[in-house]
2 protein chains.
Amino acid sequence: MAQHRTSARESILDAFVDLLIESNGAGVTLDEVAKRAGVTKGGLLYHFGSRKVLDTGLLDRFEQLANEDYARMEAAPEGAATYYAKLADYIGTDLERVCIATGMLAKRDARAADLVRQMRTIHFNLMNADLGDPMLARATMLIVDGMYYDLATIGEPFTPELDVAAFLSRMLATKSGR
Amino acid sequence: MAQHRTSARESILDAFVDLLIESNGAGVTLDEVAKRAGVTKGGLLYHFGSRKVLDTGLLDRFEQLANEDYARMEAAPEGAATYYAKLADYIGTDLERVCIATGMLAKRDARAADLVRQMRTIHFNLMNADLGDPMLARATMLIVDGMYYDLATIGEPFTPELDVAAFLSRMLATKSGR
DNA sequence: GTCTATACTTCGATAGAC
DNA sequence: GTCTATCGAAGTATAGAC
């Protein structure tokens with residue numbers, strides 16, 4: 001039974017992600033999502049039976065994209081830490097968008113919060129395996145996260161911007177001295 | 001005209017802060033605030049004429065407590081950076097509570113967002129003046145913020161916990177080598 | 001100064017037409 | 001499969017009694 005890869009469903013999820021990002025954590029209503037997706041609330045509720053089902057649809061998409069990224073990070077020739085620090089390669093991707101949207105959901109959805117926690121743990125483990133120094137892995141992760149946070153929330157790099165590569169050099173230089 | 005230091009107003013603000021923290025970014029209603037404060041919604045709306053006025057009341061309190069803390073941080077004998085890194089002295093204070101509550105408001109209130117941004121800038125400037133190294137000040141701030149974030153949101157220190165004092169030693173050791 | 005009662009709005013969800 | 005119409009719950013705000 002050949003069936004259209006139903007794009008209405010995907011359009012609705014796209015609209016949901018967009019609105020979650022734009023509304024910056026405030027509530028996103030089914031009416032808004034339906035309007036943005038070009039359907040009515042009734043139409044939306046045909047595809048996603050309830051608000052909760054819509055949330056779950058987003059989290060499923062997040063999980064898929066995140067898993068793909070873990071694999072890329074682990075296999076990165078430049079190493080997991082350097083891969084993680086390349087914010088320019090992350091910003092603007094579908095993964096980033098779904099990630100932000102999932103973060104917005106995390107306040108009222110336990111599964112979303114779990115997925116975000118799980119992601120942080122996996123990122124740390126990969127960077128630790130790469131650098132072989134838990135303290136350095138931890139510091140690097142915190143710094144990259146913080147820089148991204150400033151970039152993402154304030155909309156511009158905090159002044160002065162930190163050169164992560166230079167920071168890593170400075171930190172790595174201290175390893176031999178222990 | 002001696003007038004009671006009207007504590008109903010303060011009780012309402014206390015309840016508002018508590019509920020904002022507990023509800024972790026979800027909506028806090030006037031009914032909930034009123035109930036927690038031991039007044040009715042009508043009573044609440046006598047003291048704070050609208051939802052927006054209640055928000056403003058919280059932000060005024062934040063601004064006052066934050067300004068007091070800036071002064072302490074600048075005058076700290078151990079230096080601004082070390083003062084900033086002492087999370088144990090911050091966690092559990094009224095300042096922390098109001099700070100979290102203000103952060104919750106920042107999503108839907110522009111003034112709250114501005115106050116948070118302003119606080120970050122002041123913290124950075126004080127640490128930079130203390131350390132005399134913008135890159136180190138920036139890294140330290142990001143790391144302390146990140147550790148606090150994990151502590152506050154996940155409820156426990158991320159494993160492994162980073163020793164900020166040791167980190168500062170390692171980083172400061174690299175300064176002479178530039 | 002604080003409470004009760006209620007009006008108005010918004011949101012999620014259901015029923016049923018098409 | 002998508003839309004219209006509408007319900008019920010929850011939220012903010014107002015009017016007026018006490």
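Protein chains get the first letters and strands the later ones, always in sequence-line order, with residue 1 at the start of each. Atom set for the values below is all heavy atoms of this structure, side chains included, hydrogens, waters and symmetry mates excluded.
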Student: Applying ring pair (Phe, Tyr, Trp, His ring centres under 6.0 Å), can you list everything that pairs with Tyr46(B), at least two apart in sequence or on another chain?
Tutor: none
Student: For the helix from dG1(C)-dC18(D) to dC18(C)-dG1(D), what angle separates the axis at the start from the axis at the finish, each from five pairs, in steps of 10°?
Tutor: 0°
Student: Grab the CG-C1' distance between Asp55(B) and dT12(D) for me, whole Å please.
Tutor: 12 Å
Student: Less than 4.0 angstrom between a side-chain N/O of Tyr46(B) and OP1 or OP2 of dT2(C), yes or no?
Tutor: no
Student: Mind calculating the distance between CZ (Arg108(B)) and C1' (dG11(D)) to the nearest angstrom?
Tutor: 12 Å
Student: Excluding sequence neighbours, so at least two apart, what forms ring pair (Phe, Tyr, Trp, His ring centres under 6.0 Å) with Phe62(A)?
Tutor: none
Student: What residues form a side-chain contact (heavy atoms from CB on, under 4.5 Å) with Asp69(A), not counting sequence neighbours?
Tutor: Arg72(A), Tyr83(A), Leu95(A), His123(A)
Student: Along nucleotides 12-18 of chain C, 5' to 3', which nucleotides get a B, which get an S, and which get a -, given that the test is a protein heavy-atom distance under 4.0 Å?
Tutor: BBB----
Student: Would you give me the side-chain donor-acceptor pairs under 3.5 Å for residues 125-132 of chain B, sequence neighbours excluded?
Tutor:
from	atom 1	to	atom 2	distance (Å)
Asn125(B)	ND2	Thr121(B)	O	3.4
Asp130(B)	OD2	Ala80(B)	N	3.0
Asp130(B)	OD2	Ala81(B)	N	2.8

Student: Tell me every residue that passes salt bridge (charged side-chain N to carboxylate O under 4.0 Å, His left out) with Lys86(A), counting only those two or more places apart in sequence or in another chain.
Tutor: Glu78(A)
Student: What integer distance in Å separates Leu44(B):CG from dT12(D):C1'?
Tutor: 11 Å
Student: Could you list the residues that satisfy side-chain contact (heavy atoms from CB on, under 4.5 Å) with Leu105(A), not counting sequence neighbours?
Tutor: Phe16(A), Leu20(A), Asp55(A), Leu58(A), Leu59(A), Arg108(A), Ala112(A)
Student: Applying the 4.5 Å side-chain criterion to the ILVMFWY set and letting contacts propagate, would Val116(B) and Val28(B) be lumped into a single cluster?
Tutor: no
Student: Any salt bridge (charged side-chain N to carboxylate O under 4.0 Å, His left out) involving residues 89-98 of chain B? Give me the pairs, sequence neighbours left out, ordered by first then second residue.
Tutor: Asp18(B)-Arg97(B)
